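As the structure is a computational prediction, the values presented were derived from the model and not from experiment. Just so you know, ligand 1 is whichever comes first in the structure, and atom 1 is the first atom listed for that ligand.
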Amino acid sequence: MLIKIPPRHALRESEVTDYSVYLQRREFIKKSLAMGGGIGLAATGLPAFAKLDLSGYRVAEDNPLMAELTKEKSITSYNNFYELGTDKKDPKKNAAMLKTDPWSVSIEGECEKPGVIALEDLIRPQDLEERIYRLRCVEAWSMVVPWMGVELGPLLQRFQPTSKAKYVEFTTLHDPASLPGQRFPVLDWPYVEGLRIDEAMNPLSMLVVGLYGKQLPNQNGAPLRLVVPWKYGFKSIKSIVKIRFTETQPDTSWNLSASKEYGFYSNVNPEVDHPRWSQARERRIGELRKRKTLPFNGYADQVAALYSGMDLKRNF
Ligand code: MTE
């Protein structure tokens with residue numbers, strides 16, 4: 001008897017279904033927004049979200065990257081989130097330990113309106129939009145992800161940063177019960193990251209609450225993470241509980257851990273190798289071939305001016 005073995009590259013039924021549901025949902029949202037909005041996903045028969053209303057987000061306009069999206073299954077099962085384990089498969093396995101509801105974010109430092117704000121007040125449904133960005137990890141793999149979130153700059157402006165606010169520092173939840181990796185001294189917990197204020201205000205910077213039109217899975221940094229597409233993936237800190245405006249450059253976890261390997265800026269730069277491997281090429285998850293890595297991850301038009309006059313080999 002002959003058994004039909006599908007070729008290894010063939011898409012499995014579940015993957016095809018997932019993607020087509022996503023496309024249908026996008027089309028539906030696009031149409032309902034064009035008609036004046038207001039129709040939530042609940043009306044499609046898809047589950048409504050618990051607290052954050054993600055139903056009316058604007059979908060990414062005709063974006064050539066739409067044709068290159070990494071499979072949802074890969075994005076949500078191959079993760080770096082050391083608080084949920086150091087193996088790529090660990091974050092998904094341990095995801096249920098992270099409790100994200102209720103969630104609030106403390107806004108601190110050099111601003112006129114500091115305070116603790118509930119996630120559902122921080123992320124306003126009318127500001128939600130989908131953006132398709134390349135994510136380039138420092139480990140030389142990459143993905144193309146349909147993120148859903150809000151632009152970081154206008155959100156920060158609501159807290160009225162003072163003229164002393166030169167940087168923004170972000171901090172991940174510190175709770176070893178929820179994030180068991182924090183029981184081990186892999187990094188100096190909690191995970192911290194930072195941006196210069198003009199980087200934070202750049203229109204590409206985003207605070208993310210969803211992907212593939214759904215609420216962000218825990219392993220991807222629920223309920224709130226940063227996405228800075230022209231920098232290596234480790235700058236995109238997950239599960240944020242604190243945002244602090246500072247006058248001086250904040251510490252960052254990977255710089256504290258290995259300062260010769262990870263600088264503050266960490267802009268994607270094919271010309272500056274990591275001391276232990278080349279950064280010239282990358283492998284897209286789901287592909288065998290390697291592609292050339294682009295300066296600033298392909299976003300040079302929008303961000304190179306932020307660094308004019310700077311030696312990017314020294315400021316890596
Ligand atoms: N944020 C926290 N708190 N802890 C982490 O270990 N890993 C970083 C970044 N944010 C990390 C983190 C790294 S190295 C990468 S490449 C991205 O998250 C991966 O995001 P993804 O799992 O959604 O692909």
Stacked cation flag R196 on F264, 6.0 angstrom / 45 deg = no

For a distance cut-off of 3.5 Å, show me each N or O of ligand 1 paired with any protein N or O, plus the separation.
{"residue": "ligand 1", "atom": "1 (N)", "partner": "K238", "partner atom": "N", "Å": "3.1"}
{"residue": "ligand 1", "atom": "3 (N)", "partner": "E83", "partner atom": "OE2", "Å": "2.9"}
{"residue": "ligand 1", "atom": "3 (N)", "partner": "T172", "partner atom": "OG1", "Å": "3.0"}
{"residue": "ligand 1", "atom": "4 (N)", "partner": "E83", "partner atom": "OE1", "Å": "2.8"}
{"residue": "ligand 1", "atom": "6 (O)", "partner": "Y82", "partner atom": "N", "Å": "2.8"}
{"residue": "ligand 1", "atom": "7 (N)", "partner": "N80", "partner atom": "O", "Å": "3.2"}
{"residue": "ligand 1", "atom": "10 (N)", "partner": "S236", "partner atom": "O", "Å": "2.9"}
{"residue": "ligand 1", "atom": "20 (O)", "partner": "R225", "partner atom": "NH2", "Å": "3.2"}
{"residue": "ligand 1", "atom": "20 (O)", "partner": "K238", "partner atom": "NZ", "Å": "3.4"}
{"residue": "ligand 1", "atom": "22 (O)", "partner": "N79", "partner atom": "ND2", "Å": "2.9"}
{"residue": "ligand 1", "atom": "22 (O)", "partner": "N80", "partner atom": "N", "Å": "3.4"}
{"residue": "ligand 1", "atom": "22 (O)", "partner": "K238", "partner atom": "NZ", "Å": "2.6"}
{"residue": "ligand 1", "atom": "23 (O)", "partner": "N220", "partner atom": "ND2", "Å": "2.9"}
{"residue": "ligand 1", "atom": "23 (O)", "partner": "R225", "partner atom": "NH1", "Å": "2.6"}

State, with a plain yes or no, whether a side-chain heavy atom of K238 is found less than 4.5 Å away from one of Y191.
-> no

Does a donor on one side chain sit under 3.5 Å from an acceptor on the other, for K88 and N80?
-> yes

Does Y78 have K73 sitting over its ring (NZ/CZ under 6.0 Å from centre, angle to axis within 45°)?
-> no

Give, for atom CZ of F316 and atom CG of D311, the distance between the pair rounded to the nearest 0.5 Å.
-> 11.0 Å

Rounded distance [0.5 Å steps], CG in N267 versus CZ in R136 | 12.5 Å

